[in-house]
Amino acid sequence: MENRATASAMVLLLLLAWCCNVHVEAQVPIPAKIDGFVYRGPAVWGHSVVVEAFFDPLCPDSRDSWPPLKQAQRHYSDRLSVVVHPFALPYHSNAFIACRALHIANKLNASSTYPLLELFFKFQEKYYNQPTYNLSRASIIKDMARLAVAAIGKNSLSTFLSGFNDTTTDSATRISFKYGCSRGVTGTPFFFVNGMPLSHSGSQLDYKEWRSIIDPLLEKHI
């Protein structure tokens, strides 16, 4: 039954990706600023190599992909820009809530976005489908809010919870998903380097693989 549900979700995701790439009369909402959370480093559209990563906060492959990418950013410093786009997989029941939590954190305090993402990665198993099967959406939101307090600040609980009543955070999370679909993203992790999709997408890359991709690009800058 679970395999059938996963297969159905994948079909839905592929259909959504196809629809986003087909010309239709309805315009996909254009965000006020480009989607994604910029990690520490230089301005994105400068002389650096740009890596865009589409992550689901509740995806184990996204979780395992983050440390080597972060290590690569530390190594290259201002020669590498990293942007993470939240992308809620439809077969992870609580992924949309987690992605929305990231948008709320980013709105309240941009410096808390990545600490919260890493907290989701650390504790993501408690938000998997099976452990939360009998929990209400409200209780899951409250639990995630308590987690977010560790990243944003101890007095932020009520403000963070109110973010789930803010239609702009709901819209931002939907746009993040539609943005991924418009670029052909069908799973996580999914990577683009300087705007081009990597054939490795869908599985984690280790540090040596990132070096093998980025080093030749930087040599062309010299």
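Worth knowing before you read on, the calculation uses all heavy atoms, side chains too, and leaves out hydrogens, waters and symmetry mates.
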For a quick test of your reading: what N or O donor-acceptor pairs under 3.5 Å do the side chains of residues 139-148 make, sequence neighbours left out?
from	atom 1	to	atom 2	distance (Å)
Ser139	OG	Ser136	N	3.2
Ser139	OG	Ser136	O	2.8
Ser139	OG	Ser136	OG	3.2
Asp143	OD2	Lys126	NZ	3.0
Asp143	OD2	Tyr127	OH	2.5

(request) Answer yes or no: is there a side-chain heavy-atom contact under 4.5 Å between Pro60 and Tyr128? (result)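 A side-chain contact under 4.5 Å exists here.
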(request) Check whether any side-chain heavy atom of Gln124 lies under 4.5 Å from a side-chain heavy atom of Pro57, and answer yes or no. (result)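 They are not in contact (no side-chain heavy atoms under 4.5 Å apart), so the answer is no.
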When rounded to the nearest 0.5 angstrom, what distance separates [atom1] in [X] from [atom2] in [Y]?
{"X": "Ser182", "Y": "Phe177", "atom1": "OG", "atom2": "CZ", "answer": "11.0 Å"}
{"X": "Ser93", "Y": "Leu58", "atom1": "OG", "atom2": "CG", "answer": "9.5 Å"}
{"X": "His85", "Y": "Leu102", "atom1": "NE2", "atom2": "CG", "answer": "13.5 Å"}
{"X": "Glu52", "Y": "Asp35", "atom1": "CD", "atom2": "CG", "answer": "9.0 Å"}
{"X": "Leu217", "Y": "Ser48", "atom1": "CG", "atom2": "OG", "answer": "11.5 Å"}
{"X": "Tyr76", "Y": "Ile214", "atom1": "OH", "atom2": "CD1", "answer": "5.0 Å"}

(request) Name all residues meeting the ring-ring contact (aromatic ring centres under 6.0 Å, His included) criterion together with Phe190; count only those two or more places apart in sequence or in a different chain, and write none if there are none. (result)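 Phe192.
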(message) Run the ring-ring contact (aromatic ring centres under 6.0 Å, His included) test against Phe37 and tell me which residues pass, sequence neighbours left out.
(response) His103
(request) Decide whether Tyr114 and Asn106 meet the rule of one side-chain donor and one side-chain acceptor closer than 3.5 Å. (result) no
When you group the ILVMFWY residues by side-chain heavy-atom contacts below 4.5 Å and let the links chain together, are [Y] and [X] in the same group?
{"X": "Phe96", "Y": "Val185", "result": "no"}
{"X": "Leu119", "Y": "Leu157", "result": "yes"}
{"X": "Phe121", "Y": "Tyr207", "result": "no"}

List in chain and number order the residues that pass salt bridge (Lys or Arg N to Asp or Glu O under 4.0 Å) with [X], two or more places apart in sequence or in another chain; answer none if no residue qualifies.
{"X": "Lys122", "value": "none"}
{"X": "Asp166", "value": "Lys107"}
{"X": "Arg174", "value": "Asp170"}

(message) With ring pair (Phe, Tyr, Trp, His ring centres under 6.0 Å) as the rule and sequence neighbours excluded, what pairs involving residues 148-170 come up?
(response)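 Counting only pairs at least two positions apart or across chains, the ring pair (Phe, Tyr, Trp, His ring centres under 6.0 Å) contacts touching residues 148-170 are Phe160-Phe164.
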(request) May I have the step-by-step check of side-chain contact (heavy atoms from CB on, under 4.5 Å) for Ile213 and Val51, ending in yes or no? (result) CA-CA 11 Å; Ile213 293 167; Val51 172; over 6 Å; no
With sequence neighbours left out, what residues match [X] under side chain to side chain donor-acceptor pair (under 3.5 Å)?
{"X": "Ser112", "value": "none"}
{"X": "His92", "value": "Asp56"}
{"X": "Tyr179", "value": "Arg183"}
{"X": "Glu118", "value": "Trp66, Lys70"}

Nearest heavy-atom neighbours spanning [X] and [Y]:
{"X": "Glu209", "Y": "Leu205", "answer": "OE1-CA, 3.3 Å"}
{"X": "Thr188", "Y": "Cys59", "answer": "OG1-SG, 3.3 Å"}
{"X": "Leu116", "Y": "Ala151", "answer": "N-CB, 3.8 Å"}

Counting only N and O atoms by type, is there a donor-acceptor contact under 3.5 Å from the side chain of [X] to the main-chain atoms of [Y]?
{"X": "Ser171", "Y": "Thr168", "value": "no"}
{"X": "Asp61", "Y": "Pro189", "value": "no"}
{"X": "Asn129", "Y": "Tyr91", "value": "yes"}

(request) Assess whether side-chain contact (heavy atoms from CB on, under 4.5 Å) is satisfied between Ser156 and Val149, documenting all intermediate values. (result) CA-CA 6 Å; Ser156 62; Val149 164; 4.0 Å; yes
(message) Tell me every residue that passes side-chain contact (heavy atoms from CB on, under 4.5 Å) with Gln204, counting only those two or more places apart in sequence or in another chain.
(response)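 With neighbours one apart ignored, the set is Asp64, Ser65.
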(request) Compute the ring centroids of Phe55 and Phe87, then answer whether they are less than 6.0 Å apart. (result)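 Not close enough - the centres of the two rings lie 6.0 Å or further apart.
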